[in-house]
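Order of appearance sets the numbers: ligands from 1, and atoms from 1 within every ligand.
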Amino acid sequence: MTKDLCILGSTGSIGRQALDVVDKCGLRVTALTACKNVDIIEGQIRRYHPAYAAMSDEASAADLKARVADTGTKVLSGHDGVCECARASGADTVLNAIVGIAGLEPTLAAVEAGKNVALANKETLVAGGRLVTRAVREKGVALLPVDSEHSAIFQSLQGSPGKKAVHKLILTASGGPFFGKKRAELEHVTAEQALNHPNWSMGPKITVDSASMMNKGLELIEAVWLFDMRPSDIEIVIHRESIVHSLVEYVDHSVIAQLGLPDMRIPIQYALTYPERFESPVGRLNLAEVGRLTFYEPDYETFPLMNICRSAIERGGLYPAYANSANEEANLLFRQGKIKFMQIAHLVADAVERAPRCEDYTLQDVLEADVHAREMVRTHIQA
Ligand code: NAD
Ligand code: MG
């Protein structure tokens with residue numbers, strides 16, 4: 001169980017909910033990092049007294065440094081400052097709640113420094129799964145899932161006699177705000193509509209990923225790396241109520257699931273207190289009140305990003321990295337009103353089609369793939 005915690009991305013949706021868990025479980029905070037939100041992190045520093053803080057944005061770091069000069073917190077700056085917090089803050093666990101591939105190097109820095117990593121930042125595993133899992137094995141640290149589906153699978157695997165006993169993993173998906181709609185109806189949807197998620201309150205990037213179902217594609221790849229499963233052994237099922245967070249089917253056809261209210265503080269807490277369990281700040285699940293749990297096949301025709309991701313991880317190499325980075329860029333352009341919703345899938349598919357073949361890769365290869373995939377998306381929309 002975690003005692004001293006470093007939170008990367010502490011001002012975001014996951015970061016702030018993690019601090020609720022910190023309060024409830026009495027953990028110590030050794031470092032906090034963010035990108036630009038100086039107001040929120042200043043308040044967090046004054047409340048949690050971390051030894052270190054970092055802002056990836058240099059101007060915000062300078063601002064924060066001046067504002068907290070009266071505290072004992074050392075403020076670092078830039079991407080290197082964030083990595084240094086992951087490495088050097090004296091934490092036993094680093095919670096990575098950064099959004100996007102910007103979380104990859106801090107994850108590697110934490111693992112290389114021998115820290116356990118509680119991972120919310122799924123893009124890390126999608127883009128660099130081989131690098132991260134290899135480093136985790138070499139260092140003998142724990143990689144604990146925070147994503148609710150992966151936490152559910154991790155919990156459903158407790159007591160499993162081993163991988164041979166597992167037949168398949170079943171990821172549940174809420175279906176997002178556009179469930180039931182067909183392609184023609186999605187032609188003109190706006191970012192505001194996509195940002196209106198029915199069950200979860202999350203950061204803007206993942207909320208749009210949930211509307212496009214890219215989130216489930218990313219989670220499929222995340223599950224491949226976390227649980228060492230073949231993509232063909234991972235199934236997706238739509239579950240509108242977001243009560244069953246995911247399931248494991250064993251070879252004897254027993255299916256074990258984890259249920260709970262849709263509140264990220266449950267999986268965040270499990271990652272931080274594992275293998276212990278503590279009272280939670282989240283309410284109890286009342287099944288009679290929920291009444292009905294429903295399940296549907298995904299509509300792969302309308303939401304092709306799930307299969308684009310499936311094929312990217314089946315092909316391996318840098319294909320998932322291209323899918324992830326093209327999506328990060330397209331997701332942003334959609335939120336900025338520069339492209340239409342349905343273009344996101346086209347741009348991701350195009351980047352994956354044009355990605356170079358390779359078997360193994362280095363960190364440098366992934367970072368170059370990131371630049372290249374984003375360029376592909378931008379030049380495509382300028383053309
Ligand atoms: P968010 O946008 O609310 O917060 C992101 C955090 O990362 C902020 O603290 C921000 O300052 C920081 N950040 C942004 N860009 C950065 C950069 N370039 N370098 C360093 N820090 C940077 O996002 P979120 O919803 O909390 O999601 C965080 C991660 O957790 C994502 O990978 C997301 O997919 C995953 N996740 C989120 C939820 C959820 O409920 N929000 C659920 C499952 C998984
Ligand atoms: Mg999830």
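- Ionic pairing of Arg374 and Asp370 is present here: one or more N-O contacts between side-chain nitrogen and carboxylate oxygen are shorter than 4.0 angstrom.
- The protein heavy atom nearest to atom 43 (C) of ligand 1 is Asp147 OD1, 3.1 Å.
- Among protein heavy atoms, atom 34 (O) of ligand 1 sits closest to Lys122 CE, 3.2 Å.
- With respect to Arg67 and Asp39, a salt bridge is recorded, a charged nitrogen being found less than 4.0 Å from a carboxylate O.
- What you find for His245 and Leu259 is that their closest heavy atoms are CD2-C, 4.0 Å.
- Between Gly15 and ligand 1 there is no heavy-atom distance shorter than 4.0 Å.
- Given atom 35 (C) of ligand 1, the protein heavy atom at minimum distance is Ala120 O, 3.1 Å.
- At the top of the distance list for atom 32 (O) of ligand 1, counting protein heavy atoms only, stands Glu123 OE1, 2.7 Å.
- Using a 3.5 Å distance cut-off with no hydrogens or angles, the side chains of Asn324 and Lys122 do not pair a donor with an acceptor.
- Classification of Arg28 and Asp92 as a salt-bridged pair fails, no side-chain N sitting under 4.0 Å from a carboxylate O.
- Looking at Glu219 and Lys216, a side-chain N of the basic residue comes within less than 4.0 Å of a carboxylate O on the acidic one, giving a salt bridge.
- Those atoms of ligand 1 with a heavy atom of Ala97 less than 4.0 angstrom away are 5 (C), 6 (C), 7 (O), 28 (C).
- Any N or O atom pair closer than 3.5 Å counts here, and Gly203 shares at least one such pair with ligand 1.
- Using a 4.5 Å cut-off between side-chain heavy atoms of Ile, Leu, Val, Met, Phe, Trp and Tyr, Ile98 falls into a hydrophobic cluster with Leu8, Val82, Val94.
- For ligand 1 and Ala102, the ligand atoms under 4.0 Å from any heavy atom of the residue are 17 (C), 18 (N), 19 (N).
- The pair Asp365-Arg130 does not count as a salt bridge, with every side-chain nitrogen at least 4.0 angstrom from each carboxylate oxygen.
- A salt bridge links Arg46 with Glu42: the distance from a Lys NZ or Arg NE/NH1/NH2 to an Asp or Glu carboxylate oxygen falls below 4.0 Å.
- Interface of Ser56 with ligand 1, defined as ligand atoms under 4.0 Å from a residue heavy atom, comprises 17 (C), 19 (N), 20 (C), 21 (N).
- Any protein N/O/S atom under 2.8 Å from the Mg ion (ligand 2) was counted, giving 3 altogether.
- Short contacts between ligand 1 and Ala34, defined as distances under 4.0 Å to a heavy atom of the residue, involve ligand atoms 11 (O).
- For ligand 1, the atoms sitting less than 4.0 Å from at least one non-hydrogen atom of Met264 are 40 (O), 42 (C), 43 (C), numbered in the order shown with element in parentheses.
- The shortest contact between atom 36 (N) of ligand 1 and any protein heavy atom is with Ile206 CD1, 3.6 Å.
- Proximity to Ile14 (heavy-atom distance under 4.0 Å) selects the following atoms of ligand 1: 26 (O), 30 (O), 37 (C), 38 (C), 39 (C), 40 (O), 41 (N), 42 (C).
- Using a 4.0 Å cutoff on heavy atoms, Val99 counts as a contact of ligand 1.
- A salt bridge links Asp23 with Arg47: the distance from a Lys NZ or Arg NE/NH1/NH2 to an Asp or Glu carboxylate oxygen falls below 4.0 Å.
- Salt bridge absent: Glu185 and Lys182 never bring a charged side-chain N and a carboxylate O closer than 4.0 Å.
- Taking only nitrogen or oxygen atoms, main chain and side chain alike, Gly12 reaches within less than 3.5 Å of ligand 1.
- Not a single heavy atom of Lys205 sits under 4.0 Å from any atom of ligand 1.
- For atom 16 (C) of ligand 1, the nearest non-hydrogen atom of the protein is Cys35 CB, 3.7 Å.
- Applying the ring-ring contact (aromatic ring centres under 6.0 Å, His included) criterion to Phe341, with sequence neighbours excluded, gives Phe178, Phe334.
- For the pair Ser13 and ligand 1, the shortest N or O to N or O distance falls below 3.5 Å.
- Partners of Asp233 according to the salt bridge (Lys or Arg N to Asp or Glu O under 4.0 Å) rule, which considers only residues two or more places apart in sequence or in another chain, are Arg230.
- For the pair Thr11 and ligand 1, the shortest N or O to N or O distance falls below 3.5 Å.
- The pair Glu276-Lys3 does not meet the salt-bridge criterion, since no charged nitrogen lies less than 4.0 angstrom from a carboxylate oxygen.
- Using a 4.0 Å cut-off between charged nitrogen and carboxylate oxygen, Lys205 and Glu123 count as a salt-bridge pair.
- More than 12 heavy atoms of other residues, nucleotides or ligands sit less than 6.0 Å from atom NE2 of His197.
- Here the heavy atom of the protein found nearest to atom 31 (C) of ligand 1 is Ile98 O, 3.8 Å.
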